[in-house]
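Heads up, the thing below is written out as structure tokens.
Residue numbering restarts at 1 for every chain, and letters A, B, ... go by the order of the sequence lines. Quick note: numbers below take in every heavy atom, side chains included, and nothing from hydrogens, waters or symmetry partners.
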Amino acid sequence: MNAYDVLVAAVKSELSKALSAAGFIGYSLGNEVTMPERGQCDLASSVAFKAARAAKKTPIEIAAQICSKMGKVRYVREVKAENGFINFYLDRSAFSAAVISEVLAKKSGITTSTSGNGEKVIIEYPSVNPNKPWHIGHLRNALIGDTVSNLYAACGYSVEREDYIDDMGLQVVENVWGVMNLRGMPAKKYDHWLGEMYVEVNRRMEDKEVKEQIGNLLTLIEQGDTYEAKFAREMAEQCVSAQRQTAYAYGIYHDVLIWESDIMRSRLLETALGKLAKTGVLHRESEGDYNGCTILDLKKAGKLPSSMQGLKGSVKVLVRSNGTAVYAAKDIAFHMWKFGMVDNPFRYRLSERQPNNVELYMTSADGEKREYGRVNVAVNIIDMKQAYEQNVVKLALSLAGKSDAPESMVHLAYNVVELEGGAFSGRKGTWVGYTADDLLSEGKARAERLVTERLKMSGSEKEGVICAVALAAIKFEMLHISPERKIVFSWGKALTFEGLSGPYCLYMHARAARILENADAAAGPTDCSQLATDEEFRLVKLIAKCGEIVEKARSEHRSNVLTDYAGLLAAAFSKFYERYSVIEAESEELKSARIALVQAFKYALGGSLSLLGIRPLDRM
RNA sequence: GGGCCUGUAGCGCAACUUGGAUAGCGCGUCUGGCUUCGGACCAGUAGGUUGCGGGUUCAAAUCCCGCCAGGCUCACCA
């Protein structure tokens, strides 16, 4: 427990006693004690309003009554009843000293919370089809996935970062036809080259003969052991390899890639459907609209969640009449694997060692056995359009015996990134000029102009700063918007360098770094009782809340909780910075106390930015 | 038709899951501030019937009901 947790727990406990002493029994204080963002006090409780109702007295009377029964609480200087609220005023020097010394000792503002208890969680992102480059919508997915993974790891979970590669869909097959029949050698980055070819193939599909050839190709590829299937896998691997260059440029990494062709090859699908069949909800139709199909009979599934009601005929086809499986069926099988409901049938081989020095493995026809999956929690970063499919999977898992599937399988549904003209189309190629690679080059170009006019730096250091600033701008912008909200893309919005933005946070971090550099004082024994001003204490309170914020962002799967916090923290520092001097403080004691505060701030902001995938800078 | 998401200042967003004090923040507007630890900054100003209408409550942007507008979804596509 950190100082903040200790404080809140102590306040609740004392408040609880005071309530009993005043004759109020049975009031839960779950969310009744908060540290308000604004307002005069440091902690507040509104429990008197609830008690007043039962007692048929005014909240003002009750608050005063409770207040009079309050005993002494550590870090609390004064308790006052105001407007029916019970307000707590902290002993600034004691609380500041506790918070700052704690952060400096840990050398981290981030909680070492163990709420996860080493529980295993698998996080899936961004699962882009291996036939085109990432566009900015895919990037949103990847950035959310990276941050959510970081958050789980920070909260003590054991995290597996996984990417699903659908190398058997029609999209890939169309490209196989293109590579076999159209131009020869790739003239640019392979994923871009394939993506543009895909647009071309789609134009040619209006030709009946081409369409037929592609249909035949699909059949050959689905057979699994054909020349065409191997060709498709090789092409897809080359594309994934190019896409990973984009991922690395953005600092996105994974532990394992799961290939759909391996799900098929390993007969995981048959195992999974067999398991589902035992429940009696799986049905092979011999007449009607679904003659020859294997269906999931939702009428037999008991009461359906509201999100699953109103679909055609209460039936979900899992296996088509031609014997091939639909996407949802593969996903059901895959999730049975994730949760360890079936034996691990995969073999893996090393794909590469990533720039962050973590080995990346992928499923493969041959290779070694490795332990992935068998997790307690699975988080899927998937477009909200797929909510229905995700619910089908959840339902199937529940029916197959995973009764906690609705909780342990999390669909982190995010909304699309669109252009002003509308959604991206892979087929029409509206993504051209709006790939993740394009965004980063444009960001770097703009950052370079800014950096060049501000400070003199040498080649490689300058390059590093330009890249970091561009990434900070892009990531902060994408992550500060609630996932369920649509983003309409514009260059200006995506690449903001001013106001509450990624670069603003970096800038405050760099300012703090420069103070510490100039202060040259090794932080000796520090008397934080010197820190009493509003600006200083506001910073202390924000630093204190860091752990709570990280836990909240994780449990709600909302990256914007973290960006908001980082922004508030940076702004609070800026105000402190404007108003007070550290190096030229009025006394040596004050100076060393402020140095400690700046150092604690730097840890808290740097830690928050790192969780957002933004590398903090000491100079920029 | 069923389901999901969105609607908050000129623009972009936060707060809604867990009701609480004067609905915050950024951009833009207007007015100021560098002899200063880095101005990618700060201080101040103007701008709101939180889509509409009911209800619950001491208290509603938040919860409930009914509308309106926009988007998505309900495939033998993935």
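Cation-pi geometry between A:K80 and A:Y89 is met: under 6.0 angstrom from the ring centre, within 45 degrees of the axis.
Between B:G39 and B:C34, the distance separating the two C1' atoms is 7 Å to the nearest Å. When the C1' atom is used for both B:G71 and B:C76, the distance is 28 Å, rounded to whole Å. Taking the P atom of each, B:A14 and B:G26 are spaced 15 Å apart, rounded to whole Å. Spacing of C1' atoms, B:A46 relative to B:C65, comes out at 39 Å, to the nearest Å. A distance of about 31 Å separates the C1' atoms of B:C11 and B:G20, rounded to the whole Å. Taking the P atoms as reference points, B:C41 lies 14 Å from B:U29, given to the whole Å.
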Scan nucleotides 23-37 of chain B nucleotide by nucleotide, 5' to 3', and note B when protein non-hydrogen atoms come under 4.0 Å of the base, S if they reach only the sugar-phosphate, - if neither.
-SSSS---------B

Would you mind building the protein contact string for nucleotides 5-15 of chain B? One character per nucleotide, 5' to 3', B for base within reach (heavy atoms under 4.0 Å), S for sugar-phosphate only, - for untouched.
SSSB---SSSS

Could you list, one pair per line, each protein nitrogen or oxygen that sits under 3.5 Å from a nitrogen or oxygen of nucleotides 20-22 of chain B, together with the distance?
residue, atom, partner, partner atom, Å
B:G20, N7, A:S46, OG, 3.3
B:A21, N6, A:N87, OD1, 2.8
B:A21, N1, A:N87, OD1, 3.3
B:A21, N1, A:N87, ND2, 3.0

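You'll find a donor-acceptor pair under 3.5 Å spanning the side chain of A:K552 and the base of B:U17, going by distance alone.
Between A:N380 and A:Q390, the closest side-chain pair of non-hydrogen atoms falls below 4.5 Å.
Two residues, A:Y504 and A:V326, neighbour RNA chain B, and the one matched to the more 5' nucleotide by heavy-atom proximity is A:Y504. If you find the closest nucleotide of RNA chain B to A:G288 and to A:A510, the one lying nearer the 5' end belongs to A:A510.
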Under the criterion salt bridge (Lys or Arg N to Asp or Glu O under 4.0 Å), I'd like the reasoning laid out for A:E260 against A:R233: C-alpha separation, chi angles, the key distance, then a yes or no.
CA-CA 10 Å; A:E260 184 163 311; A:R233 171 75 182 237; over 6 Å; no

Would you please test A:R579 and A:E535 for salt bridge (Lys or Arg N to Asp or Glu O under 4.0 Å) and show each step?
CA-CA 8 Å; A:R579 181 106 197 240; A:E535 287 81 0; 3.1 Å; yes

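Distance CD (A:Q390) to C1' (B:C4): 14 Å, rounded to an integer number of Å.
Closest heavy-atom contact between A:A329 and A:L269: O-CD1, 3.5 Å.
A distance below 6.0 Å separates the ring centres of A:F85 and A:F49.
Note: A:H480 and A:F476 have parallel aromatic rings, judged against thresholds of 30 and 60 degrees for the angle between ring planes.
The closest donor-acceptor contact from the side chain of A:H335 to the backbone of A:D331 lies under 3.5 Å.
In this model, the phosphate group of B:C41 is not approached by any side-chain N or O of A:S574 to a distance below 4.0 Å at OP1 or OP2. Note on A:Y388: every side-chain N or O is 4.0 Å or more away from OP1 and OP2 of B:U73.
Salt bridge status for A:K545 with A:E551: absent, with no side-chain N to carboxylate O gap under 4.0 Å.
Summarising the geometry, atom NZ belonging to A:K602 is positioned 13.5 Å from atom CG belonging to A:L597; distances are rounded to the nearest 0.5 Å.
Within 4.0 Å of A:P503, counting heavy atoms only, lies at least one base atom of the nucleic acid. As judged by a 4.0 angstrom heavy-atom cut-off over every strand, A:N291 is placed among the base-contacting residues. Within 4.0 Å (heavy atoms only), A:V416 reaches no atom of the nucleic acid at all. Within 4.0 Å (heavy atoms only), A:M508 reaches sugar-phosphate atoms of the nucleic acid but no base atom. In this structure, A:E556 reaches the bases: a heavy-atom distance under 4.0 Å links it to at least one base atom across the strands shown. Residue-level contact check: A:E389 touches the bases, meaning some heavy atom is under 4.0 Å from a base atom.
Judged by Watson-Crick or G-U wobble contacts below 3.5 Å, the nucleotide B:C63 has B:G55 as its partner.
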